[in-house]
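Note sheet for the following structure.
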Amino acid sequence: MNIEEIRRRMIERGYRQADLARRLGLAPNKITKAFKGERRFTAQEMDEIREWLAPKEPPAAPQLRSIPIIGQVAAGYWREAVQQASGGMPAPDPSIPPNAFAIRVAGDSMDLLVEDGSMIVVDPDDKELFPGRYYVVLNDDGEATFKRFEHDPARLVPCSTNPAYEPIVLGLGGAFTIVGRVIWRAARM
């Protein structure tokens, strides 16, 4: 690499001679002399300059992870769980668990939180019930719903502008299975 190549690369990167002097630990006048041809850079200085001015690889774009969209869930009364894979969506956050999946919400019993047609992301590995959190629940008939859990008594509570929806008391009318906790929501603007 000659002086003209060093000068060109420094200009491309917005570096000044003072930056090179600091990088090499030299007095600025020694850099000025080198650029005028009155001083030669040592082999060690040239190695440092080559490393400093070497073309940089652009940072790799972050890998987007896809979450499978596996169907839809009722946000209303119990309704048959629809499992129909329909592609995927980008993970909205790197912390989304690896087994998470997305489902489309059908109904208005949760419209204060998630509108009809919106997507929710469910973590199937998080099934421990905590009051105030949201879950997808499956009953013995293969019907599912999406609601907020509350306790005393254990119940699934709608979050709706529609007053027709009432809490579903758990333990009355059959067993249920927690599919997973709802950890994220998305809606078309």
Side-chain angles (χ1 to χ4, degrees), residues 12-14 52 54-189:
E12 286 173 359
R13 290 167 176 78
W52 186 52
K56 306 282 190 253
E57 290 291 322
Q63 291 291 327
L64 291 179
R65 186 169 63 95
S66 183
I67 298 173
I69 301 171
I70 67 163
Q72 72 178 25
V73 65
Y77 300 109
W78 292 102
R79 194 180 317 163
E80 179 182 359
V82 177
Q83 293 184 350
Q84 181 178 8
S86 59
M89 63 179 265
D93 183 316
S95 68
I96 296 290
N99 293 331
F101 58 86
I103 48 180
R104 188 168 307 282
V105 174
D108 67 345
S109 78
M110 296 299 286
D111 66 354
L112 290 174
L113 181 70
V114 179
E115 294 178 4
D116 183 22
S118 299
M119 297 292 252
I120 56 175
V121 175
V122 178
D123 179 0
D125 298 323
D126 187 353
K127 297 180 181 184
E128 190 170 349
L129 294 173
F130 287 98
R133 291 193 178 169
Y134 302 89
Y135 298 88
V136 172
V137 180
L138 189 69
N139 69 16
D140 281 344
D141 295 327
E143 299 168 322
T145 191
F146 153 53
K147 299 282 185 285
R148 184 180 72 217
F149 174 75
E150 293 297 341
H151 64 87
D152 294 329
R155 64 199 184 281
L156 301 173
V157 180
C159 299
S160 180
T161 57
N162 184 343
Y165 295 111
E166 294 184 9
I168 301 167
V169 178
L170 299 175
L172 301 178
F176 67 94
T177 304
I178 304 298
V179 175
R181 184 169 69 89
V182 177
I183 58 172
W184 190 85
R185 62 185 169 167
R188 186 175 279 270
M189 297 295 290

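This chain uses plain numbering: 1 for the first residue, then up along the sequence.
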**Prompt:** Quick one: salt bridge (charged side-chain N to carboxylate O under 4.0 Å, His left out) partners of D126, sequence neighbours excluded?
**Reply:** R181
**Request:** Please report the shortest heavy-atom distance between P98 and R65, naming the atom on each side.
**Result:** CA-NH1, 3.6 Å
**Prompt:** Which residue pairs satisfy the salt bridge (Lys or Arg N to Asp or Glu O under 4.0 Å) criterion with at least one member in residues 146-159, sequence neighbours excluded?
**Reply:** R148-E150
**Prompt:** What closest approach, in Å, do L138 and A144 show between heavy atoms, and which atom pair accounts for it?
**Reply:** CD1-CB, 3.9 Å
**Prompt:** From N99 CG over to D123 CG, what is the distance, rounded to the nearest 0.5 angstrom?
**Reply:** 7.5 Å
**Request:** Under the side-chain contact (heavy atoms from CB on, under 4.5 Å) rule, what do F149 and L170 come out as? Steps first, then yes or no, please.
**Result:** CA-CA 10 Å; F149 174 75; L170 299 175; 4.0 Å; yes
**Minimum heavy-atom distance between H151 and P131, given as atom pair plus value** = CD2-CG, 2.7 Å
**Prompt:** Can you name the nearest heavy-atom pair linking A186 to S118, along with the distance?
**Reply:** O-CB, 3.0 Å
**Message:** Restricting to non-hydrogen atoms, name the atom on S109 and the atom on S160 that form the minimum distance, rounded to 0.1 Å.
**Reply:** O-CB, 3.2 Å
**Complete:** For D116 and V105 the tightest heavy-atom approach is OD1-O, 3.3 Å
**Message:** Pair L113, V182 - check side-chain contact (heavy atoms from CB on, under 4.5 Å), show working.
**Reply:** CA-CA 12 Å; L113 181 70; V182 177; over 6 Å; no
**Item:** 4.5 Å side-chain heavy-atom contact, F176 and T145
**Value:** no
**Asked** With sequence neighbours left out, what residues match E166 under salt bridge (charged side-chain N to carboxylate O under 4.0 Å, His left out)?
**Response** none
**Asked** Nearest 0.5 Å, what's the CZ-CD1 distance between R185 and I120?
**Response** 11.0 Å
**Fill in**
For Y165, the ring-ring contact (aromatic ring centres under 6.0 Å, His included) test, sequence neighbours excluded, returns Y77
**Item:** Short side-chain to backbone donor-acceptor contact, N139 and G142, under 3.5 Å
**Value:** yes
**OG1-CG distance between T177 and D140, expressed to the nearest 0.5 angstrom** = 7.0 Å
**Asked** When rounded to the nearest 0.5 angstrom, what distance separates CG in N162 from CG in L112?
**Response** 10.5 Å
**E128: salt bridge (charged side-chain N to carboxylate O under 4.0 Å, His left out) partners, not counting sequence neighbours** = none
**Prompt:** Taking the six-membered ring for Trp, are F146 and Y134 parallel (under 30°), tilted (30 to 60°) or perpendicular (over 60°)?
**Reply:** tilted
**Asked** If you look only at pairs with a residue in residues 88-109, which of them pass as a salt bridge (Lys or Arg N to Asp or Glu O under 4.0 Å), with sequence neighbours excluded?
**Response** none
**Item:** Nearest-0.5 Å distance that lies between atom OH in Y135 and atom CD1 in I183
**Value:** 12.0 Å
